[in-house]
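In this chain, residues are counted from 1 in sequence order. Heavy atoms only: backbone and side chains are in, while hydrogens, waters and symmetry mates are out.
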Amino acid sequence: MAHESLLHRDSLAAHGLLTETGAMRRGPKQHAREQIDAVQRERLVSATVMSVADVGYSGLTVAQVIERAGVSRRTFYELFKDIEECFLATYEFGIEQLSALVVESYREESSWRESIRAALATMLGFFDVERGWARLLVVEGLGAGERVLALRVKLIERLALAVAAGHEQAAGIETLPLAADVVVGGTIWVIYSHLIDRPNESLISLHCPLMAMIMLPYLGNGQAHRELARD
């Protein structure tokens, strides 16, 4: 309990709710309440990611999450209706964070090809470092209900739109209508399979093979093989 209490105070301090002496800052009650709720919410989201990494979505319980987060059951139910809503909020937060990183990488490059390459590297790198998030977003979300699946579909649609921009680069190649959907779906499936079958192996090793698969319907076989040979 002492360790949990210390974590709680560190979180409060990070959000500016403690004075230099360690006392709670005074201020508008509503504002302070909102900040505390945000802290508690963040802790529950983090605990959900760790719990899902251990037991999967099917084994996730409120008891596991609140124990890991160091918050009361009452606090949990003040913020979430049930464990499904907590998982949904966690999944949505993860999608937002990953999307922000991927979009930033995509926009930093001047060409479509290099934008796709940078965005893919960012996603794979994120999943390598944050294996808990990778498991939650790619694997466990599939069995978490219709609302989570709807978020997943929206993400795939956004990724497909970015890939579909490649038709402008396809000189002399007639791209098929569902090419973007196929390569995005295939990319996610490859990552899913890797996480299931080889959970301890780096995902960044998939970068060049996946780039080759993405480039094939837009730039042709020769350019796809060039991607395989890149560092």
Side-chain angles (χ1 to χ4, degrees), residues 91-144 146-231:
Y91 193 91
E92 189 169 19
F93 176 81
I95 290 293
E96 289 174 355
Q97 299 306 304
L98 177 59
S99 296
L101 293 172
V102 169
V103 168
E104 181 179 4
S105 295
Y106 183 91
R107 289 177 175 171
E108 285 179 351
E109 302 298 330
S110 57
S111 71
W112 169 79
R113 182 176 187 161
E114 294 307 312
S115 292
I116 294 294
R117 185 176 179 82
L120 180 61
T122 295
M123 182 170 67
L124 294 174
F126 175 85
F127 285 155
D128 264 343
V129 173
E130 300 287 352
R131 279 304 174 100
W133 278 112
R135 183 84 187 185
L136 186 144
L137 294 174
V138 179
V139 178
E140 299 299 333
L142 286 173
E146 293 183 2
R147 290 187 294 174
V148 171
L149 287 177
L151 286 176
R152 185 185 180 94
V153 168
K154 286 182 179 180
L155 173 63
I156 292 174
E157 288 174 347
R158 290 201 298 268
L159 293 174
L161 284 173
V163 171
H167 77 275
E168 298 176 0
Q169 316 293 319
I173 297 175
E174 184 179 354
T175 56
L176 298 174
L178 296 177
D181 300 88
V182 171
V183 296
V184 170
T187 296
I188 293 174
W189 175 252
V190 170
I191 295 171
Y192 173 93
S193 300
H194 196 95
L195 290 170
I196 295 294
D197 297 334
R198 298 179 291 279
N200 297 319
E201 292 184 16
S202 173
L203 287 163
I204 202 67
S205 63
L206 300 173
H207 189 213
C208 289
L210 288 175
M211 272 298 295
M213 181 182 74
I214 295 169
M215 294 299 110
L216 180 61
Y218 295 97
L219 302 183
N221 190 58
Q223 294 300 319
H225 276 82
R226 283 190 62 185
E227 288 296 332
L228 286 174
R230 291 181 67 171
D231 294 328

Between CD1 of I156 and CG of L161, what distance do you get to the nearest 0.5 Å?
12.5 Å
Evaluate whether atom CD of E96 has more than 12 neighbouring non-hydrogen atoms of other residues, nucleotides or ligands under 6.0 angstrom away.
yes
How many angstroms lie between CD in E92 and CG in L151, if you round to the nearest 0.5 Å?
5.5 Å
Which salt bridge (Lys or Arg N to Asp or Glu O under 4.0 Å) pairs, counting each pair once, include a residue from residues 103-112, with sequence neighbours left out?
none
Using the side-chain hydrogen bond (donor to acceptor under 3.5 Å, both in side chains) criterion, which residues pair with S205? Sequence neighbours excluded.
none
Suppose the criterion is salt bridge (Lys or Arg N to Asp or Glu O under 4.0 Å): which pairs have a residue in residues 180-202, not counting sequence neighbours?
R198-E201
Is the backbone N or O of N221 less than 3.5 Å from a side-chain atom of H225, with the two atoms forming a donor-acceptor pair by type?
yes
For the student: nearest non-hydrogen atoms of G141 and V148, plus distance:
O-CG1, 3.5 Å
Do you know which two heavy atoms are closest between V102 and A119, and how far apart they sit?
CG1-CB, 3.7 Å
With R131 via side-chain hydrogen bond (donor to acceptor under 3.5 Å, both in side chains) - residues at least two apart
D128
Using side-chain heavy atoms (C-beta onward) and a distance below 4.5 Å, is L219 in contact with R226?
no
In the structure I gave you, are the side-chain heavy atoms of L195 and F127 within less than 4.5 Å of one another anywhere?
no
Run the side chain to side chain contact (heavy atoms under 4.5 Å, CB included) test against F126 and tell me which residues pass, sequence neighbours left out.
L98, L101, E130, W133
Would you mind reporting whether L159 and T187 have side-chain heavy atoms less than 4.5 Å apart?
no
Flag if over 12 foreign heavy atoms under 6.0 Å of CZ, R147
yes
Which residue pairs pass the salt bridge (Lys or Arg N to Asp or Glu O under 4.0 Å) test with at least one member in residues 148-161, sequence neighbours excluded?
none
Sub-4.5 Å side-chain heavy-atom contact between C208 and R117:
yes
Interatomic distance, I204 atom CD1 to L124 atom CG [nearest 0.5 angstrom]
5.0 Å
Quick check against the 3.5 Å criterion: does Y218 have a side-chain atom that pairs as donor or acceptor with the backbone of A180?
yes
Working to the nearest 0.5 angstrom, can you tell me the gap between L137 CG and M123 CE?
10.5 Å
Residues which pass side-chain hydrogen bond (donor to acceptor under 3.5 Å, both in side chains) with T122, listed by chain and number, not counting sequence neighbours
S105
Under 4.5 Å between any side-chain heavy atoms of L120 and L206, yes or no?
no
Taking the side chain as C-beta and beyond, is there a heavy-atom pair between R113 and E227 under 4.5 Å?
yes
Please name all residues satisfying side chain to side chain contact (heavy atoms under 4.5 Å, CB included) with I116, sequence neighbours left out, ordered by chain then number.
Y106, W112, V163, M211, I214, M215
Supply the atom-to-atom distance H207 NE2 to L228 CG, rounded to the nearest 0.5 angstrom.
12.0 Å
